[in-house]
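Working notes, beginning with the structure itself.
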Amino acid sequence: MLTRLTAAQMATGSILVALAVAVLKAAAWGITGSVALLSDALESLVNIGGAVMAWFAVRYAQRPPDAGHPYGHHKAEYVSAVVEGSMIVVAALLIVNQAVAALGQPAAADWSAAGLAVNALAMAVNLVWARLLLHRGRQLKSPALTAGGRHLMSDVWTSAGVLVGLALALASGWGILDPLLALLVAVNILREGWLVIAASVSGLMDTAAPAEERARIEQIIHNSGNGALQVHGLKTRRAGRALFIEFHMVVDGAMPVRAAHDICDRMEAALITVLPDAQVVIHVEPEHKLEAAGIHPR
């Protein structure tokens with residue numbers, strides 16, 4: 001059932017999950033007073049902000065094209081992901097500040113195991129939702145959902161490391177492990193923030209479709225292009241869910257316009273059947289233009 005949720009429903013769910021996890025992590029920090037758990041709780045605040053940004057971005061990206069945005073609003077999701085990545089970096093810097101201060105005065109490791117159990121529950125909730133976000137994000141070609149899923153998976157690994165480390169500190173009594181773990185958490189969060197920003201900026205720069213998808217496009221064009229002499233100049237780009245496909249189709253110079261148009265319609269229909277979010281532009285060229293340039297398509 002959850003694997004059929006729309007992007008908008010997933011974005012709403014992310015806000016609710018982020019709020020619930022933040023409450024659990026804040027409770028774990030309140031029980032223990034651990035700096036490492038405080039750092040984990042601070043990252044949850046970023047999760048809430050990122051979830052809210054994704055909620056707005058997903059809805060804005062679904063708006064139909066208009067006079068000011070004739071190609072649609074799909075890139076709004078990339079902007080959201082860049083902002084979320086920046087927020088992740090800010091959270092990491094806050095954690096560094098807390099950890100460095102605690103290094104000078106490490107507390108005794110006398111926390112209650114109940115606090116660690118509460119944090120483990122929060123980690124389990126994040127793990128389930130992160131996997132679902134990544135799964136649906138890939139299915140829906142949603143940069144905002146995918147960025148949220150990657151962020152939550154980073155949060156899961158962070159929480160797991162913190163729990164293992166604090167369990168060791170609790171067993172050994174070495175309080176210095178607490179701020180050291182917080183610093184490691186900050187490094188991991190900085191890395192994830194960079195990856196989210198880099199992937200989103202790449203999308204804003206009109207990245208071409210992946211090699212596997214391009215190969216599928218070429219095969220569809222080949223199978224549906226009966227009557228065309230040659231196809232060349234294939235260009236693709238991704239903008240969130242939208243896939244833009246453009247290429248040149250060479251036909252016999254004596255072919256009627258209607259016949260050439262029928263071939264274009266057939267190619268476009270075949271592409272959209274397999275890639276429903278594709279927007280296809282085909283430039284028809286008569287054979288004699290290529291021959292004049294010394295190219296013989298036959």
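Here the structure is a predicted model, which is why all the values come from computation and not from measurement. Keep in mind that the numbers below use all heavy atoms, side chains included, and drop hydrogens, waters and symmetry copies.
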*asked:* Surrounding NE2 of H261 (heavy atoms of other residues, nucleotides or ligands, distance under 6.0 Å), is the total greater than 12?
replied: no
_Whether the H222 and E218 side chains hold a donor-acceptor pair (N or O, under 3.5 Å, no angle test) is what I'd like checked._
no
*Does P210 offer a backbone N or O that forms a donor-acceptor pair with the side chain of R238 under 3.5 Å?*
no
*Locate the shortest heavy-atom distance separating A11 from L145; write the atom from each residue and the value.*
N-CD2, 4.2 Å
_Distance-only donor-acceptor check, side chains W129 and S14, under 3.5 Å_ = yes
*Working to the nearest 0.5 Å, report the span between OG1 of T6 and CG of L140.*
8.0 Å
_Side-chain touch N126/M123, heavy atoms, less than 4.5 angstrom_ = no
*Flag side-chain contact, heavy atom, 4.5 Å: R214 against L234*: yes
_Inter-residue atom distance M249.CE - H283.NE2, 0.5 Å rounding_ = 11.5 Å
*Starting at CG of L127, measure out to CE of M153 and round the result to the nearest 0.5 Å.*
5.5 Å
*Does the side chain of L243 reach to within under 4.5 Å of the side chain of E213, using non-hydrogen atoms?*
yes
*asked:* Whether the side chain of T12 engages the backbone of A8 through a donor-acceptor N/O pair (distance < 3.5 Å, no angle test) should be reported.
replied: yes
*Taking atom types as modelled, find out whether H248 and Q230 have a side-chain donor-acceptor pair closer than 3.5 angstrom.*
no
_Looking at every heavy atom in both P65 and P70, which two are closest together, and how far apart are they?_
CB-O, 3.4 Å
_Shortest non-hydrogen separation from S224 to R266 and the atoms involved_ = O-NE, 3.0 Å
*May I ask you to test the I15-I48 pair for a side-chain heavy-atom distance under 4.5 Å?*
no
*Got a donor-acceptor contact below 3.5 angstrom from the R136 side chain to the L5 backbone?*
yes
_As an exercise, state the distance from CE of M267 to CD1 of I245, rounded to the nearest 0.5 Å._
11.5 Å
_Hphob cluster co-occupancy, V58 + L133, side-chain heavy atoms under 4.5 angstrom_ = no
*I221 side, atom CD1; I282 side, atom CD1 - distance, nearest 0.5 Å*: 7.5 Å
_Less than 4.5 Å apart, side chain to side chain, heavy atoms only: is that true for M255 and I263?_
yes
_Cluster overlap V280 with V284, hydrophobic side-chain contacts below 4.5 Å_ = yes
*Could you go through the side-chain contact (heavy atoms from CB on, under 4.5 Å) check for H232 and E285 one step at a time?*
CA-CA 10 Å; H232 65 273; E285 295 180 350; 3.3 Å; yes
*Is there side-chain contact between R191 and V187, with at least one heavy-atom pair below 4.5 Å?*
no
*Using the rule that two of Ile, Leu, Val, Met, Phe, Trp, Tyr join whenever any of their side-chain heavy atoms come within less than 4.5 Å, decide whether V125 and L132 are in one cluster.*
yes
*Please check if the side chain of R237 supplies one atom and the backbone of F244 the other of a donor-acceptor pair under 3.5 Å.*
no
*Linked, directly or transitively: V79 and V201 (ILVMFWY side chains, under 4.5 Å)*: yes
*Identified side chain to side chain contact (heavy atoms under 4.5 Å, CB included) counterpart of I220 within the set T273, V274, I272*: V274
*Are the side chain of E246 and the backbone N or O of K235 linked by a donor-acceptor pair below 3.5 Å?*
no
*Determine the minimum heavy-atom distance between A61 and E77, stating which atoms define it.*
CB-CG, 3.8 Å
*Drop me the distance from Q139's CD to H135's NE2, to the nearest 0.5 angstrom.*
3.5 Å
*Grab the two heavy atoms, one from G253 and one from P286, that are nearest each other, plus how far apart they are.*
CA-CB, 4.0 Å
*Indicate if L275 and F247 have the same hydrophobic cluster label, given that clusters are the connected sets of ILVMFWY residues with side-chain heavy-atom separations under 4.5 angstrom.*
yes
*Over all heavy atoms of both residues, which pair between A26 and A41 is shortest? Give the atoms and the distance, please.*
N-CB, 4.3 Å
*Check whether any side-chain N or O of S80 sits under 3.5 Å from a backbone N or O of A57 as a donor-acceptor pair, and report yes or no.*
no
